[in-house]
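What follows is one structure encoded as structure tokens, with my remarks underneath.
Every chain is numbered from 1 and lettered A, B, ... according to where its sequence line falls, protein lines coming before strand lines.
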There are 2 protein chains.
Amino acid sequence: MSHTLGVRQAQKQKTRQALLDAALGLLEEQSLSSLGLREVTRVVGVAPTAFYRHFRDMGELGVALVEEALGSLHAMVRAILAEQAGAEERIDRTVEVVERHVREHPAHIRFVARERHGGVRAVRQAIAGELDRFAEEVAAALKTQPVSDGWRDDDVWMLAELYVDRLVTTAAALLDAEDGEPGEAERVVRVARRQLRLISIGRRHWMAAGGE
Amino acid sequence: MSHTLGVRQAQKQKTRQALLDAALGLLEEQSLSSLGLREVTRVVGVAPTAFYRHFRDMGELGVALVEEALGSLHAMVRAILAEQAGAEERIDRTVEVVERHVREHPAHIRFVARERHGGVRAVRQAIAGELDRFAEEVAAALKTQPVSDGWRDDDVWMLAELYVDRLVTTAAALLDAEDGEPGEAERVVRVARRQLRLISIGRRHWMAAGGE
DNA sequence: CACTTCAGAGGACAGTTGTTCACTGACACT
DNA sequence: AGTGTCAGTGAACAACTGTCCTCTGAAGTG
């Protein structure tokens, strides 16, 4: 027999997921600290008290959403960075991935952008932690590239932070662009590419310019 | 006789300011969309209905807070950019100003960081508009510098956006650092300086690298 | 002085919130 | 087959929300 996890647990996870989905939907037009427990359960079609079977409070649900939004991204990022392409192509590929991700999971991205500095401490910390993990991965990848020869470790890290932050900002800008004039999204993408290019140029001349 | 605004209007503005201050205080630990009108009036010590004499709703109060937080900054930014100092000193001066501003008006900065992507449309737009004005001023200043000779207008703008965004991010990072381990703030400042330096290097080599 | 204006008070309204408690009934385990 | 577990129910709770209405009294106006 295949280990079927039990009808019991399966149903539970189903409701749990329904709660997460409902919350994510409602969060498109408000922030977590104003989202009510009853509001969520009402959408799912379940009694308010059922919420407690899955999360202690809204903060806990928020943290779960953070994992859902950012957890799956690591593999993707690592794949891009591992590519042995030229700087220019890598930039294009990176921006493309961000663009696609925003288009496919807009609500998740919006949630992260909104709650990154939002009103719920636990969620803020979860996001910060996840972004730190990204920066770590980026830093590790940057370090293996020849351009980084002679760089101090903390300078590699500062560059990694710069990259990660730029991608997050670009993603957020793309969201804002979506419900604006058409063509605005393309402009954002074009600007993002050039900004990354400028950073890349600065990187190439960092040592020669006496980075310290 | 000096044109005394009238005791009436003076008192009104006083309560209005009290409402703004109280709201700003409460917003340190929650976001605007969860802030209640009664909550604010309670702190000030006035009847809930008095709120309506000053703002239609919380969104309107939020917009007023945006102006309070960002409006006064323009002169300061313009002053720094007008300085005819070397790139290195200008970076130091800029970071210093950001640092000081965060230390002197932490609540305002936190508010902007939080509501920049927050749940209230009107406030988001107000912040975006104000940041756009900043970018415009920065772009205008950059353009007068010799390093920008031959640059396309939209590339100057893309650089301006990069700078402004970096400053906003740095300010937010400084806030997070404040209620963390001591010494973290210094690290953030150091990183910010080096990131700006890297961007500055990229800028110097932009044309030679065939910025297009 | 009488007369208007209007910031703020205070009561009342219907709705909503999070949390508690005892409960049911289908699944899981022996 | 018998028994315990536990996801979800439904009623009740005190506390709170935004908004409406009428009222007051001090400041402004001539």
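By the ring pair (Phe, Tyr, Trp, His ring centres under 6.0 Å) test, His54(B) pairs with no residue at all, sequence neighbours left out. Looking at residues two or more places apart in sequence or on another chain, you find a salt bridge (charged side-chain N to carboxylate O under 4.0 Å, His left out) between Glu184(B) and Arg187(B). Residues satisfying the salt bridge (charged side-chain N to carboxylate O under 4.0 Å, His left out) criterion with Arg78(A), sequence neighbours excluded, are Glu137(A). Residues forming a salt bridge (charged side-chain N to carboxylate O under 4.0 Å, His left out) with Glu130(B) (at least two apart in sequence, or on another chain): Arg133(B). A search for salt bridge (charged side-chain N to carboxylate O under 4.0 Å, His left out) contacts involving Glu88(A) returns Arg197(A), not counting sequence neighbours.
Counting non-hydrogen atoms of other residues, nucleotides and ligands closer than 6.0 Å to CD of Glu89(B) gives a total above 12. Heavy-atom contacts from other residues, nucleotides or ligands closer than 6.0 Å to CD of Gln13(A) number 12 or fewer. Heavy-atom contacts from other residues, nucleotides or ligands closer than 6.0 Å to CD of Gln11(B) number more than 12.
The separation between Gln17(A) atom CD and dA7(D) atom P is 17 Å, rounded to whole Å. In this structure, the CZ atom of Phe51(A) is 14 Å from the P atom of dT9(D), given to the nearest Å.
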Encoded 5' to 3' (Watson-Crick or G-U under 3.5 Å; [ ] crossing; | other strand), DNA chain D becomes |.||||||||||.||||.||||||||||||

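The list of salt bridge (Lys or Arg N to Asp or Glu O under 4.0 Å) pairs with a residue in residues 99-112 of chain B, not counting sequence neighbours, reads Glu28(B)-Arg110(B), Glu99(B)-Arg103(B), Arg100(B)-Glu104(B), Arg110(B)-Asp179(B). For residues 35-50 of chain B, the set of pairs meeting the side-chain hydrogen bond (donor to acceptor under 3.5 Å, both in side chains) definition, not counting sequence neighbours, comprises Gln30(B)-Glu39(B).
Between Phe51(A) and Phe55(A), the ring planes are tilted. Angles from 30° to 60° get that label.
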Protein and nucleotides 20-25 of chain D: nitrogen or oxygen contacts under 3.5 angstrom:
none

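Shown for residues 32-45 of chain A: residues whose heavy atoms fall under 4.0 angstrom of DNA chain C, namely Gly36(A), Leu37(A), Arg38(A), Arg42(A). For the segment residues 20-27 of chain B, the set of residues with a heavy atom within less than 4.0 Å of an atom of DNA chain C is empty.
In this structure, Ala23(A) and Leu61(A) approach most closely via the heavy-atom pair CB-CD2, 3.6 Å.
If you walk DNA chain C from 5' to 3' and mark each nucleotide with an atom closer than 4.0 Å to a heavy atom of chain A, the marks span dT17(C) to dA28(C).
When the nearest nucleotides of DNA chain C are assigned to Asp57(A) and Arg16(B) by heavy-atom distance, the more 5′-ward of the two goes with Arg16(B). Nearest-nucleotide mapping onto DNA chain C: of Gln9(A) and His54(B), the residue sitting toward the 5' end is His54(B).
Counting heavy atoms from C-beta outward, Arg8(A) and Lys12(A) have side chains that stay 4.5 Å or more apart. Looking only at side-chain heavy atoms (C-beta outward), Arg114(B) and Leu27(B) stay at 4.5 Å or farther from each other. The shortest distance between side-chain heavy atoms of Asp165(A) and Arg166(B) falls below 4.5 Å.
Distances shown here put a side-chain N or O of Thr15(A) below 4.0 Å from the OP1 or OP2 atom of dG8(D).
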